[in-house]
Amino acid sequence: MSFTKVVIERDTDSEEESSSGDENDQVDDYPSEEEDDDDQVLENEASTTTSRKTKTKPITISLKKVCKVCKRSGHEAGFKGATYIDCPMKPCFLCKMPGHTTISCPHRATTEYGVIPAPRKGTHNSLEYVFARQLRPHIPAIKPTVVIPDQVNCAVIRYHSRRVTCLEFHPTNNSLLLSGDKKGQLGVWDFKRVHEKTVYGNIHGCILNNLKFNPTNDGTVYGASSDGTISCTDLETGMSMGLINLNPNGWQGPSSWRMLYGLDINSQRGNLIAADNFGSLYMVDMRSNTTTGDSVLIHKKGSKVTCLHCHPHQPDILLSCGNDHFARIWDMRKLEAGSSIYDLSHNRVVNSAYFSPQSGSKILTTSQDNRLRVWDSIFGNLDSPSREIVHSHDFNRHLTPFRAEWDPKDPSECLIVVGRYISENYNGAALHPIDFIDISTGQLVAAVMDPNITTISPVNKLHPRDDVLASGSSRSIFIWRPKEKFESELLGDEKRIILCGKGEKKRRQSDDESDDATYRSKGKSSKTKKPILKSSSHGRQRKC
DNA sequence: ACACAATGGTACC
DNA sequence: TGGTACCCCTTGTG
């Protein structure tokens, strides 16, 4: 391996450089195996004592190529084409164990690697008895055939002006999708009539963390935001009402600014619940739209609560999780600090925790230790997870946190969906698939991807009734359907990809006939390439 | 083909 | 407890 050597003259009149930064001009052949001075990137060869009379010896800087992760030379981390090479000095980026890198990690080849059978339940208490008696009959013994929505059916490219943070399907209108973004904007998109899309921009000031439909009026939606407010918005008009404002005095610095996360509804009590970044839970009466009771500390004081979920059959049973590395189960009839029924311990921050959608007997958690965990209250023991699946969904401050979600249609409560962080080299393109995993075995059922989607898709939602997946990737939203449906329904209709934002403007300059574009799903794309877009020749104009 | 900015979690003092 | 340095397979823009 060779490294460029730059020689800088010291104290000369001309200030001439002995060498420019040109790669191959003046090259010293360094041995490829490094000596002991691994860390020494800058070598000062200037003489300090002898030659000061006439002229000072030059300083020689050798610009050795160093690893951007550990700053040592001899290896380099980063993309080589569409394959990422890990820094060998770091623990495996996937399973976090030292001694190997992601490329040779056994979990990379098979997601079920290391998944151990669930320990059988050994203890009983009243809660478990209730779960077992009431919910066990709901669980069918036979697994249905899974249908994977694996083809991009339609999309809105650069729909939001910031990255997508949450998605929610309408409870009755099958083709209506709501989306929230980092800026606090709310998107309403009818993906059957792809041009019918709106973005409401004046509801929240920053990150819209969660959306939840009003169970008594599906024309309105609640939103919890990092601006510290809960909103109630009319989807038709975009008119919004604030229910809670935790920062009535405005910005007083980060130590006092409250942000709201995790939004759910206790339908029995008619309560809306949300929690903040300091560990407290808030309740709002949905009839009077006023706060009920005091806030309750449900996670470590000062730590963020990341997600809330009410049990599907027993709304008084609440699941929460947060930055204190715990997911906790609560009885809302007796809710006070420290009164949790169970504390599910994790190694890192827990991004999300959800009861299984049909019976509520299982809990799925996504933790930043790159593990998905399933906790089974009937067949397992809540003292430890019944399944632990190594999966790449690391934290990155620039990405919306990953949340594994259940398939709400799967009666056997086995199928989950979660976006993948690390990329795979697919035919020369670095793509980040969306994974479907069977949590009963840990097996990867499907990894869906599209050569045009080169960005990570941390936000994924499966449709409550149809075989449809919605995914949020960067600022864009994609609708996936099974291949068969895709082919039958799209016959003769190619205009399903809508371009927004800057791309739209640029394209209009060259082709001002329409505001949409078809999208070539064949063809390669590289990691650095933008999605391949081909403008179409007709269509209506509509604002994004 | 670069540089740069945005900015959460954590370990450590 | 608060401050801060460091982590880092991002993404869009200029």
Side-chain angles (χ1 to χ4, degrees), chain A residues 21-23 67-71 75-96 101-103 105 107-108 157-165 181-183 206-207 209 226 253-257 259 261 277-279 299-306 321-325 346-351 366-370 391-402 419-426 429-433 449 452-459 472-476 499-506 525-531:
Chain A
D22 204 338
E23 278 274 333
C67 170
K68 64 178 181 185
V69 176
C70 69
K71 309 286 185 267
H75 65 269
E76 273 183 272
F79 276 102
K80 284 271 186 294
T83 306
Y84 192 90
I85 309 296
D86 271 336
C87 170
M89 309 307 287
K90 292 280 171 180
C92 172
F93 191 73
L94 176 54
C95 74
K96 306 300 175 196
T101 62
T102 316
I103 288 196
C105 180
H107 296 284
R108 188 179 188 122
I157 311 289
R158 275 176 247 119
Y159 179 37
H160 284 273
S161 57
R162 293 287 184 276
R163 66 172 198 242
V164 173
T165 52
D181 72 19
K182 196 171 166 289
K183 214 175 173 182
C206 60
I207 314 178
N209 290 307
S226 288
S255 57
S256 63
W257 184 258
M259 308 190 244
Y261 295 84
N277 54 326
F278 293 106
H299 281 271
K300 186 181 168 187
K301 195 181 175 188
S303 77
K304 188 202 284 181
V305 180
T306 50
C321 60
N323 278 14
D324 63 354
H325 301 192
H346 295 70
N347 297 330
R348 293 291 194 93
V349 169
V350 190
N351 286 346
T366 309
S367 172
Q368 289 181 10
D369 65 354
N370 261 3
H391 178 266
S392 173
H393 50 255
D394 257 355
F395 171 79
N396 182 312
R397 61 180 145 173
H398 309 294
L399 298 173
T400 303
F402 289 85
R420 195 192 300 177
Y421 190 163
I422 51 173
S423 59
E424 206 74 55
N425 185 343
Y426 293 100
L431 303 178
H432 309 264
M449 75 207 85
N452 291 289
I453 308 173
T454 54
T455 48
I456 296 170
S457 307
V459 191
S473 195
S474 185
R475 294 147 57 187
S476 308
L499 261 183
C500 302
K502 204 180 165 190
E504 188 183 19
K505 277 183 202 159
K506 262 190 185 172
S525 67
S526 73
K527 189 192 170 290
T528 48
K529 274 181 194 160
K530 296 276 180 289

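By convention in this document, chain letters (A, B, ...) are assigned in the order of the sequence lines, proteins followed by strands, and residues within each chain are numbered from 1.
We find that NZ of A:Lys71 is positioned 16 Å from P of C:dA5, with the value rounded to whole Å. Remark: P of B:dA6 and CG of A:Asp181 are 17 Å apart, rounded to the nearest angstrom. A straight line from CD1 of A:Ile453 to C1' of C:dC9 spans 18 Å, rounded to a whole angstrom. Atom pair A:Leu399:CG and B:dA6:P shows a separation of 17 Å (rounding to whole Å applied). The nearest whole Å value for the distance from the CZ atom in A:Arg163 to the P atom in C:dT13 is 15 Å. Look at CG on A:Asn396: it is 13 Å from P on B:dT7, rounded to the nearest Å. Atom-to-atom, NZ of A:Lys183 to P of B:dT7 comes out at 12 Å; the value is rounded to the nearest Å. One atom, CD1 of A:Ile456, and another, P of C:dG12, lie 11 Å apart when rounded to the nearest Å.
Checked for salt-bridge contact, A:Arg348 and A:Asp394 miss the test: no charged N lies under 4.0 Å from a carboxylate O.
Although no hydrogens or angles enter the test, the distance criterion places no donor-acceptor pair under 3.5 Å between the side chain of A:Ser474 and the main chain of A:Thr455.
No engagement by A:Lys68 is indicated, since no non-hydrogen atom pair under 4.0 Å with the nucleic acid exists. Nucleic acid contact for A:Ser423: base, since at least one base atom lies under 4.0 Å from a heavy atom of the residue. Backbone-only contact: A:Lys182 has heavy atoms under 4.0 Å from sugar-phosphate atoms and none from a base. Residue A:Ile422 is classed as a base contact, given a heavy-atom separation below 4.0 Å to a base. At the heavy-atom level, A:Asp394 lies nowhere under 4.0 Å from the strands shown. Nucleic acid contact class of A:Phe93 (heavy atoms, under 4.0 Å, all strands): base. Base contact: A:Thr102 has a heavy atom under 4.0 Å from a base atom.
Looking at the side chain of A:Phe395, the nearest of the listed nucleotides C:dC9, B:dG8, C:dT11 is B:dG8. Distance from the side chain of A:Arg397 is smallest for B:dG8 among the nucleotides B:dG8, B:dT10, C:dT11. Considering only the side chain of A:His398, B:dA6 comes nearest among B:dT10, B:dA6, C:dG12. The side chain of A:Val349 lies closest to B:dG9, out of B:dG9, C:dC8, C:dG12. Each of B:dG8, C:dC9, C:dG12 was ranked by its minimum atom distance to the side chain of A:Val69; first place goes to C:dC9. Of the candidate nucleotides C:dG12, C:dC9, B:dT10, B:dT10 has the atom nearest to the side chain of A:His325.
Spacing of C1' atoms, C:dC9 relative to B:dA11, comes out at 23 Å, to the nearest Å.
Contact between the side-chain N/O atoms of A:Lys90 and the OP1/OP2 oxygens of C:dC8 is found at a separation under 4.0 Å. In terms of phosphate contacts, A:Arg475 brings a side-chain nitrogen or oxygen within less than 4.0 Å of OP1 or OP2 of C:dT13. For the pair A:Asn323 and B:dG8, the criterion of a side-chain N or O lying under 4.0 Å from OP1 or OP2 is not met.
Judged by the 6.0 Å and 45° rule, A:Lys80 forms no cation-pi pair with A:Tyr84.
Summarising the geometry of A:Pro458 relative to A:Gly472, their closest heavy-atom pair is CD-O, 3.5 Å, with the distance given to 0.1 Å.
Counting only N and O atoms by type, the side chains of A:Thr306 and A:Asn323 include no donor and acceptor under 3.5 Å apart.
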Can A:Asn425 and A:Thr83 be said to form a side chain to side chain donor-acceptor pair (under 3.5 Å), step by step? CA-CA 5 Å; A:Asn425 185 343; A:Thr83 306; 2.8 Å; yes
